[in-house]
Protein chains: 2
Amino acid sequence: MAERKYRELIEQLKTAGLRPTRQRLALGRLLYGENGDIERHVTAEQLHAEAMSAGVRVSLATVYNTLHQFTEAKLLREVVVEPGRSYFDTNVDDHHHFYFEQSGRLQDIPSEELELKSMPEPPTGGRIRRVDVILRVDEDG
Amino acid sequence: MAERKYRELIEQLKTAGLRPTRQRLALGRLLYGENGDIERHVTAEQLHAEAMSAGVRVSLATVYNTLHQFTEAKLLREVVVEPGRSYFDTNVDDHHHFYFEQSGRLQDIPSEELELKSMPEPPTGGRIRRVDVILRVDEDG
DNA sequence: TCAATGGCCTAGAATTTTTCTAATTCCAGT
DNA sequence: ACTGGAATTAGAAAAATTCTAGGCCATTGA
């Protein structure tokens with residue numbers, strides 16, 4: 001990971017009130033590092049496995065905690081596609097997703113490519129915090 | 001539940017290749033019965049509790065199995081709102097949802113009230129099996 | 001600089017949600 | 001009714017997620 005990105009991550013953590021601990025930096029590096037430009041959709045399990053093979057000793061629980069803290073801090077976005085399968089997306093800009101049911105793969109749809117004609121008002125008067133659109137794609141059958 | 005609806009349920013089960021067993025009929029009655037017109041969004045846990053207080057002896061596992069079979073048979077639709085929280089919706093027509101994060105409540109949005117401007121093609125060439133839109137509403141904060 | 005303090009962080013344990021599979025039940029065809 | 005065999009049920013196991021006690025690490029004051 002570029003030195004600049006690394007410093008950036010530390011700053012983002014601090015801003016979010018999260019100490020830049022060894023574990024968080026290691027996971028952050030795995031998430032955004034090396035090829036930090038490409039969109040990533042990882043499960044907690046996958047990231048934990050990555051950490052293991054990278055020689056980073058963290059428990060799965062810490063991976064979950066960290067992913068949720070990152071999500072809270074708007075460094076990640078959580079996408080729930082199926083019961084018992086949620087992904088964390090390194091792309092936090094407004095966008096949507098294709099979900100390929102057979103392979104379990106997720107792919108971003110830029111917000112320009114999928115817009116809503118109109119947005120209904122919440123009946124109870126709250127405000128809409130987020131719009132999640134998932135296009136479920138059947139690749140074979 | 002009206003006698004007509006009951007017979008209808010039996011027919012739907014048979015058509016789906018599901019035997020009209022005591023448990024399935026009981027759960028079907030709980031889902032569609034009495035006030036079978038109003039939209040319902042139940043979790044497996046909730047339905048199990050209902051069955052219990054109605055004196056129907058089924059295990060939670062059977063409730064899960066039955067809900068998934070009903071979903072497979074297009075008698076229900078599953079909506080995943082959070083990791084570890086999925087609802088089964090008695091409304092199987094095209095429509096979308098408001099999700100109220102504080103209360104955990106789900107509410108239907110008729111498809112006329114929320115339409116997409118355009119539908120992007122799946123890059124891998126499969127076909128879009130379903131479009132899920134969830135508007136996440138924050139009621140207070 | 002060093003020790004004490006207190007809040008934050010970690011990960012084992014527990015919980016919750018979901019699925020699997022052996023045993024049972026049920027139905028169709030005698 | 002009885003039997004064969006597939007379908008169904010639910011206890012047990014697995015998978016996913018969360019909780020919390022204990023440990024660690026900054027910060028402060030000496």
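All chains are named by letter (A, B, ...) in the order of the sequence lines, taking the proteins before the strands, and each is independently numbered beginning at 1. These numbers come from a predicted model, not from an experiment.
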Return yes if some donor-acceptor pair links the side-chain N/O of [X] with the main-chain N/O of [Y] below 3.5 Å, else return no.
{"X": "A:Q23", "Y": "A:V58", "answer": "no"}
{"X": "A:E39", "Y": "A:D108", "answer": "yes"}
{"X": "B:N91", "Y": "B:D93", "answer": "yes"}

[X] [atom1] to [N] [atom2], straight-line distance once rounded to whole Å:
{"X": "A:L13", "N": "C:dC9", "atom1": "CG", "atom2": "P", "value": "10 Å"}
{"X": "A:L25", "N": "C:dT10", "atom1": "CG", "atom2": "P", "value": "10 Å"}
{"X": "A:I10", "N": "D:dA26", "atom1": "CD1", "atom2": "P", "value": "12 Å"}
{"X": "A:R85", "N": "D:dT17", "atom1": "CZ", "atom2": "P", "value": "11 Å"}
{"X": "A:L18", "N": "C:dC9", "atom1": "CG", "atom2": "P", "value": "6 Å"}
{"X": "B:L67", "N": "C:dT19", "atom1": "CG", "atom2": "P", "value": "11 Å"}
{"X": "A:E45", "N": "D:dA15", "atom1": "CD", "atom2": "P", "value": "9 Å"}
{"X": "B:K14", "N": "C:dC27", "atom1": "NZ", "atom2": "C1'", "value": "11 Å"}

Pair A:H68 + A:F88: ring centers closer than 6.0 Å: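 So the answer is yes for these two rings.
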Of B:E78 and A:Q23, the one whose closest DNA chain C nucleotide lies more 5':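 Nearer the 5' end of the strand: A:Q23.
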side-chain N/O [X] vs [N] OP1/OP2, d < 4.0 Å:
{"X": "A:Y64", "N": "D:dT17", "answer": "yes"}
{"X": "A:T62", "N": "C:dA11", "answer": "yes"}
{"X": "A:R19", "N": "D:dC25", "answer": "no"}
{"X": "B:T21", "N": "C:dC26", "answer": "no"}
{"X": "A:H68", "N": "D:dT18", "answer": "yes"}

B:R57 vs B:P83, nearer the 5' end of DNA chain D by closest nucleotide: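 In this pair, the answer is B:R57.
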Pairwise 5' ranking along DNA chain D for A:G84 and B:Q69, keeping only the more 5' one: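 First, find each residue's nearest nucleotide; the 5'-ward one identifies B:Q69.
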Check every atom of [options] against the side chain of [X] and return the nucleotide holding the closest atom.
{"X": "A:R22", "options": "C:dA11, C:dC20, D:dC25", "value": "D:dC25"}
{"X": "A:S59", "options": "C:dG12, D:dA6, D:dG11", "value": "C:dG12"}
{"X": "A:N65", "options": "C:dG7, D:dA10, D:dC19", "value": "D:dC19"}
{"X": "A:A61", "options": "C:dG12, D:dT9, C:dT19", "value": "C:dG12"}
{"X": "B:R24", "options": "C:dC9, D:dA16, D:dT8", "value": "D:dT8"}
{"X": "B:S86", "options": "D:dT17, C:dT18, C:dA11", "value": "C:dT18"}

From A:H41, A:E82, A:Q107, residue fulfilling side chain to side chain donor-acceptor pair (under 3.5 Å) relative to A:Y99: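 Testing A:Y99 for a side chain to side chain donor-acceptor pair (under 3.5 Å) against A:H41, A:E82, A:Q107 leaves exactly one candidate, A:E82.
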ILVMFWY cluster, B:L31 and B:L25 together (side-chain gap under 4.5 Å):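 Both belong to a single hydrophobic cluster.
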